[in-house]
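Quick notes on the structure that follows.
This is a predicted model, so every value here is computed, not measured.
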Amino acid sequence: QVQLVESGGGLVQAGGSLRLSCAASGRTFSTFAMGWFRQAPGKEREFVATITWSNAFTYYANSVKGRFTISRDKDKNTVALQMNRLKPEDTAVYYCGATGRGGATRASAYDYWGQGTQVTVSS
């Protein structure tokens with residue numbers, strides 16, 4: 001079992017920045033990759049970014065590439081999402097996920113999820 005807890009969400013103005021953090025605990029040794037997804041009201045859970053645990057390979061959604069940066073700290077067992085130049089369309093609940101298998105850009109591939117943290121970007 002893996003427990004994930006997100007933090008760092010909040011209200012920011014367009015063009016501002018936020019840094020989200022996801023702390024993992026439990027049986028994390030089987031984790032292959034971790035990722036960030038977001039879900040806005042009335043929309044499906046959307047892929048944002050993913051990072052492999054061993055070699056820190058990263059992949060981003062086109063909508064955030066160049067603005068967001070995902071990173072991981074193996075010693076602290078955390079994954080961060082640095083979000084810069086935020087836009088109102090970035091407003092959503094952001095979820096951290098962990099997967100022990102492939103398909104890291106698909107929400108259905110993730111085995112564990114955090115409770116989510118709200119990010120609101122005002123225009």
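- Closest approach of Thr105 to Phe47, counting heavy atoms only: O-CB, 3.5 Å.
- In this structure the side chain of Leu86 reaches within 4.5 angstrom of the side chain of Phe68, judged on heavy atoms.
- Within the model, atoms CG of Leu18 and CG of Leu11 stand 8.5 Å from one another, a figure rounded to the nearest 0.5 Å.
- A donor-acceptor distance shorter than 3.5 angstrom exists from the side chain of Thr91 to the backbone of Val121, with no hydrogens or angles considered.
- When atom types are taken as modelled, the side chain of Arg72 and the backbone of Ala33 share no donor-acceptor pair closer than 3.5 angstrom.
- Between Arg38 and Ser63, the shortest heavy-atom distance links the atoms NH2-OG, 3.5 Å.
- With no hydrogens or angles considered, a side-chain donor-acceptor pair links Tyr110 and Thr50 at under 3.5 Å.
- In terms of heavy atoms, Ser17 sits closest to Arg85 at OG-N, 4.3 Å.
- Among residues at least two apart or in separate chains, salt bridge (Lys or Arg N to Asp or Glu O under 4.0 Å) pairs with a member in residues 107-116 are Arg101-Asp111.
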Please determine whether side-chain contact (heavy atoms from CB on, under 4.5 Å) holds for the pair Tyr95 and Arg45, giving the CA-CA distance in whole Å, both sets of side-chain angles, and the decisive distance to 0.1 Å. CA-CA 9 Å; Tyr95 296 92; Arg45 189 164 296 190; 3.5 Å; yes
So Trp53 and Thr28, side-chain contact (heavy atoms from CB on, under 4.5 Å) or not? Walk me through it. CA-CA 10 Å; Trp53 195 248; Thr28 60; over 6 Å; no
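- Only one option out of Thr117, Val48, Ile70 pairs with Leu20 in a side-chain contact (heavy atoms from CB on, under 4.5 Å); it is Thr117.
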Checking Leu4 against Met34 for the side-chain contact (heavy atoms from CB on, under 4.5 Å) test, could you report, in this order, the C-alpha distance in whole Å, the side-chain angles of both residues, the deciding distance, and whether it holds? CA-CA 10 Å; Leu4 304 173; Met34 299 185 69; 3.6 Å; yes
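- Distance check, rounded to the nearest 0.5 Å: CZ of Arg27 to CD of Gln3 gives 10.5 Å.
- In this structure, Phe32 is not a member of the same hydrophobic cluster as Val2, with clusters built from ILVMFWY side-chain heavy atoms closer than 4.5 Å.
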Test Trp36 against Val79 for side-chain contact (heavy atoms from CB on, under 4.5 Å), laying out the working first. CA-CA 9 Å; Trp36 287 97; Val79 174; 3.6 Å; yes
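- Heavy atoms only, all atoms of each residue included: Ile51 and Ala56 are closest at CG1-CA, 3.6 Å.
- Scanning both residues, Ser123 and Ala14, for their nearest heavy atoms gives CA-CB, 4.4 Å.
- Of the possible donor and acceptor atoms, one in the side chain of Glu6 sits under 3.5 Å from a partner among the backbone N and O of Gly116.
- Nearest approach of Ala49 to Tyr60, heavy atoms of both residues: CB-CD2, 3.6 Å.
- You'll find the side chain of Ser21 stays beyond 4.5 Å of the side chain of Lys76, heavy atoms only.
- Remark: Gln115 CD is packed, more than 12 non-hydrogen atoms of other residues, nucleotides or ligands lying under 6.0 Å away.
- For Tyr94, the ring pair (Phe, Tyr, Trp, His ring centres under 6.0 Å) criterion is met by no residue, not counting sequence neighbours.
- Transitive grouping of hydrophobic side chains (ILVMFWY, heavy atoms separated by less than 4.5 Å) keeps Leu81 and Phe37 in distinct clusters.
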